[in-house]
Amino acid sequence: MNSEKLKIAVLGGTGNIGEGMVLRLALQNLMPDGVKNEVIIGSRSLETADEAAKKDLSELENCGFDTSKMTITGMDNLAAAQAAEVIILTIRFDYVLLLLEEIREAIENKILVTPVVPMVKEEGLMVYKPPKEGSAALAIQKNVPESTRVVAAFHNIPAGKLKDVVKCKAVHDALVCSDDAEAKKLVMEITRHMGCLKPLDGGPLKQASTMESLTPLLINLAKLNGLKDLGINFS
C-alpha cells in the first residue's frame with residue numbers, strides 16, 4: 001500500500017452496518033497488532049458524511065477511548081473512493097451498480113470489499129434475490145475495472161454487535177471470498193483485529209452466493225424466534 005496508514009473508505013458509512021465498520025476500524029489504531037488506518041466515511045452528501053465522522057469520533061471518546069490516535073473524516077462517495085486504498089461498499093444492492101459507475105475510475109488498482117446482499121421482503125420475510133450473474137459479488141466484479149480486486153466479506157455480521165464496541169464480547173465467524181489471494185489476505189487481517197470477528201477463508205468469489213444467501217436466513221430466524229443480532233459460528 002501507498003502509506004504508513006491504510007486508507008479505508010466505507011461508502012454508505014452513515015448506515016447501521018457502515019457505522020459499525022467505521023467504529024471497529026478506527027479502534028484498530030489502539031491495538032498493538034491492529035492494521036493502522038485512516039477511515040473515510042463516504043456518502044452522497046459531504047455534509048452528511050462529515051456529521052457522521054464527528055458523531056463517530058465523539059461516541060468513541062465518550063466510551064473512554066483515546067481518539068487522538070484515530071482519524072475519521074467525511075467525504076462524498078467519489079472523493080472517498082479516490083482517497084482510499086481499500087473501499088467497503090455498505091449500501092443496498094439497488095444502488096450499488098449506479099455508484100460503481102460514478103466511482104469507476106477511482107477504484108482502478110484498488111481493493112473493493114462487498115458485504116452487499118440482494119434481497120427483498122416477501123410476505124413478511126426476507127428472500128435472497130441474486131442478479132443474473134449469480135451473486136452481488138459477481139455482478140460487482142463484472143462492473144468494475146479489470147484491475148479492481150473484489151473481495152466478498154462481512155455479509156453475516158450483526159450490525160448491533162459491530163456498533164456495540166464496549167459491551168459486545170461475542171465473536172462471530174466472518175467468511176471472506178476472493179479470486180485475489182493478496183487482497184483476501186489483507187481483508188482477513190483487517191477482520192481479525194475488529195474485536196468481534198474471526199475471519200475464515202471462504203474460497204473464490206464464486207462462493208459468495210452462499211455467503212450472501214445466509215443473511216436473509218439470519219434475519220428471518222431472528223424475527224421468527226424473537227432473537228436479535230444473530231451471527232454465525234462454525235464448530
Side-chain angles (χ1 to χ4, degrees), residues 1-15 17-18 21-22 25 35-46 49 73-119 129-155 174-191 199 201-213 215:
M1 292 298 167
N2 300 324
S3 60
E4 184 179 339
K5 282 196 171 185
L6 185 65
K7 292 181 172 61
I8 306 176
V10 182
L11 306 190
T14 57
I17 190 73
M21 294 291 300
V22 169
L25 289 168
V35 177
K36 303 303 180 280
N37 60 66
E38 296 178 12
V39 187
I40 306 164
I41 296 176
S43 177
R44 286 176 292 180
S45 161
L46 170 60
T73 53
M75 301 182 185
D76 64 66
N77 284 323
L78 178 57
Q82 288 171 333
E85 297 153 291
V86 175
I87 297 108
I88 304 175
L89 301 170
T90 60
I91 62 174
R92 287 175 51 181
F93 180 70
D94 308 25
Y95 307 124
V96 75
L97 296 185
L98 285 174
L99 175 61
L100 290 177
E101 191 176 316
E102 176 189 337
I103 65 174
R104 183 178 178 83
E105 291 185 7
I107 58 176
E108 289 187 6
N109 299 303
K110 295 182 179 180
I111 295 173
L112 187 69
V113 183
T114 165
V116 178
V117 177
M119 56 184 174
K129 290 284 187 179
K132 61 183 180 181
E133 291 83 2
S135 68
L138 290 177
I140 287 167
Q141 186 180 53
K142 182 180 177 182
N143 286 275
V144 298
E146 190 174 340
S147 64
T148 304
R149 297 178 284 169
V150 178
V151 180
F154 309 125
H155 301 84
L175 304 176
V176 184
C177 293
S178 182
D179 296 332
D180 187 290
E182 185 180 327
K184 183 195 291 184
K185 181 180 178 181
L186 176 61
V187 173
M188 290 181 71
E189 184 67 11
I190 292 169
T191 304
D201 190 333
L205 201 64
K206 66 181 180 181
Q207 297 295 334
S209 58
T210 303
M211 292 161 48
E212 293 176 7
S213 68
T215 299

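Between Asn37 and Lys7 there is no side-chain heavy-atom pair separated by less than 4.5 Å. Arg149 places none of its side-chain heavy atoms less than 4.5 Å from the side chain of Ser178. Between Leu11 and Thr90 the shortest side-chain heavy-atom distance does not fall below 4.5 Å. In this structure, the side chains of Leu100 and Ile107 come closer than 4.5 Å at one or more pairs of heavy atoms. Within the 4.5 Å cutoff, the side chain of Gln141 has heavy atoms near those of the Leu138 side chain. Counting heavy atoms from C-beta on, the side chains of Thr148 and Leu112 come closer than 4.5 Å. Ile111 is not listed as a side-chain neighbour of Glu85, based on a closest heavy-atom distance of 4.5 Å or more. At least one side-chain heavy atom of Ile87 sits under 4.5 Å from a side-chain heavy atom of Lys110.
Across Ala137 and Ala152, no two heavy atoms sit closer than the pair CB-CB, 4.1 Å. Across all their heavy atoms, Ala84 and Ile8 have their closest contact at CB-C, 4.2 Å. Ala153 and Val176 make their closest contact through CB-CG2, 4.1 Å (heavy atoms, listed as atom of the first residue, atom of the second, distance). Taking all atoms of both residues into account, the shortest heavy-atom contact from Ile40 to Ala83 is CD1-CB, 3.7 Å. The nearest pair of heavy atoms linking Val116 to Leu89 is CG2-O, 3.6 Å. Heavy atoms only, all atoms of each residue included: Met119 and Thr215 are closest at CE-CG2, 4.0 Å.
Although no hydrogens or angles enter the test, the distance criterion places no donor-acceptor pair under 3.5 Å between the side chain of His155 and the main chain of Ser213. In this structure, Lys206 contributes its side chain and Asp179 its backbone to no donor-acceptor pair below 3.5 Å.
More than 12 heavy atoms of other residues, nucleotides or ligands shown are found within 6.0 angstrom of NZ on Lys36.
Pairs passing the side chain to side chain donor-acceptor pair (under 3.5 Å) check and including a residue from residues 99-108, sequence neighbours excluded, do not occur.
Annotation: the span from Ser43 atom OG to Met75 atom CE amounts to 13.0 Å, rounded to 0.5 Å. Within the model, atoms CD1 of Ile88 and CG of Leu25 stand 5.0 Å from one another, a figure rounded to the nearest 0.5 Å.
Applying side-chain contact (heavy atoms from CB on, under 4.5 Å) to Pro199 and the options Leu175, Ile190, Thr191 leaves one that passes, Thr191.
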Assess the residue pair Met211 and Cys177 against the criterion (side chain to side chain contact (heavy atoms under 4.5 Å, CB included)); give the C-alpha distance rounded to whole Å, side-chain angles, the decisive distance to 0.1 Å, and a yes or no.
CA-CA 9 Å; Met211 292 161 48; Cys177 293; 2.9 Å; yes

Please test Met188 against Asp201 for side chain to side chain contact (heavy atoms under 4.5 Å, CB included), starting from the C-alpha separation and ending with a verdict.
CA-CA 8 Å; Met188 290 181 71; Asp201 190 333; 4.2 Å; yes

Full working for side chain to side chain contact (heavy atoms under 4.5 Å, CB included) between Phe93 and Val96:
CA-CA 5 Å; Phe93 180 70; Val96 75; 3.7 Å; yes

Taking it one step at a time, do Val86 and Leu186 satisfy side chain to side chain contact (heavy atoms under 4.5 Å, CB included)?
CA-CA 10 Å; Val86 175; Leu186 176 61; 4.1 Å; yes

Please report the C-alpha distance between Asp76 and Arg44 in whole Å, then the side-chain angles of each, then the deciding distance to 0.1 Å, and finally whether the salt bridge (Lys or Arg N to Asp or Glu O under 4.0 Å) criterion is met.
CA-CA 5 Å; Asp76 64 66; Arg44 286 176 292 180; over 6 Å; no

Can you list the steps and then say if Glu133 with Lys142 is a salt bridge (Lys or Arg N to Asp or Glu O under 4.0 Å)?
CA-CA 8 Å; Glu133 291 83 2; Lys142 182 180 177 182; 3.5 Å; yes

